[in-house]
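One structure is given below, encoded as structure tokens.
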Amino acid sequence: MIVFGGAMLYEQALVDDVIDELQVTVVSGTHGCDTFFPEIPSVYALCSTTSGRYGREWAEHQVYRRGA
């Protein structure tokens, strides 16, 4: 299953325990955002991280897996 949010969809998928892998992109900088990804539960372990430029900002792609 692939879940494309909003925040409420992400949170519900985490609560319902239907996600095996999270692919999260963190973009550096200050942006006019008012919605954020929920806290990642401790059942997920960070498995890999890659960084690079995304436009004028740095971005970090993180992969988390449940029970890894």
Side-chain angles (χ1 to χ4, degrees):
M1 171 189 308
I2 298 175
V3 178
F4 291 98
M8 291 177 67
L9 289 174
Y10 293 137
E11 190 168 348
Q12 191 62 50
L14 289 169
V15 167
D16 289 347
D17 201 26
V18 296
I19 299 174
D20 294 321
E21 180 178 280
L22 299 169
Q23 295 197 18
V24 179
T25 301
V26 179
V27 180
S28 67
T30 302
H31 306 281
C33 303
D34 62 356
T35 305
F36 299 91
F37 194 83
E39 184 175 331
I40 297 172
S42 61
V43 297
Y44 296 94
L46 180 62
C47 295
S48 68
T49 302
T50 55
S51 299
R53 275 223 175 271
Y54 183 76
R56 293 177 290 150
E57 306 289 347
W58 278 97
E60 183 174 88
H61 180 250
Q62 304 168 340
V63 177
Y64 293 84
R65 291 195 181 95
R66 183 180 12 195

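A quick note: this is a predicted structure, and the numbers were derived from the prediction, not measured. Note: hydrogens, waters and symmetry copies are ignored here, and every other heavy atom, side chains too, is used.
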Let me check something: do [X] and [Y] share a hydrophobic cluster, defined by ILVMFWY side-chain heavy atoms less than 4.5 Å apart, either directly or through other members?
X	Y	result
Val27	Phe36	no
Val15	Leu9	no
Val3	Val26	yes
Leu14	Val18	yes

Reported NE2-to-OG distance for the pair His61 and Ser51, which is rounded to 0.5 angstrom: 11.0 Å
Spatial distance of atom CD (Glu60) from atom OG (Ser28) [nearest 0.5 Å]: 10.0 Å
CD (Glu11) with more than 12 external heavy atoms under 6.0 Å: no
More than 12 heavy atoms of other groups within 6.0 Å of Arg53 CZ: yes
Contact check, side chains of Arg66 and Asp17, non-hydrogen atoms, under 4.5 Å: yes
Residues in side-chain contact (heavy atoms from CB on, under 4.5 Å) contact with Ile40, at least two apart in sequence or another chain: Leu22, Val24, Phe37, Tyr44, Tyr64
side-chain contact (heavy atoms from CB on, under 4.5 Å) involving Glu21 - partner list, sequence neighbours excluded: Gln23, Val63, Arg65
Distance-minimising heavy-atom pair for Ile2 and Phe4: CG2-CE1, 3.2 Å
Closest approach of Pro38 to Ala7 (non-hydrogen atoms, all atoms of both residues): CG-O, 4.4 Å
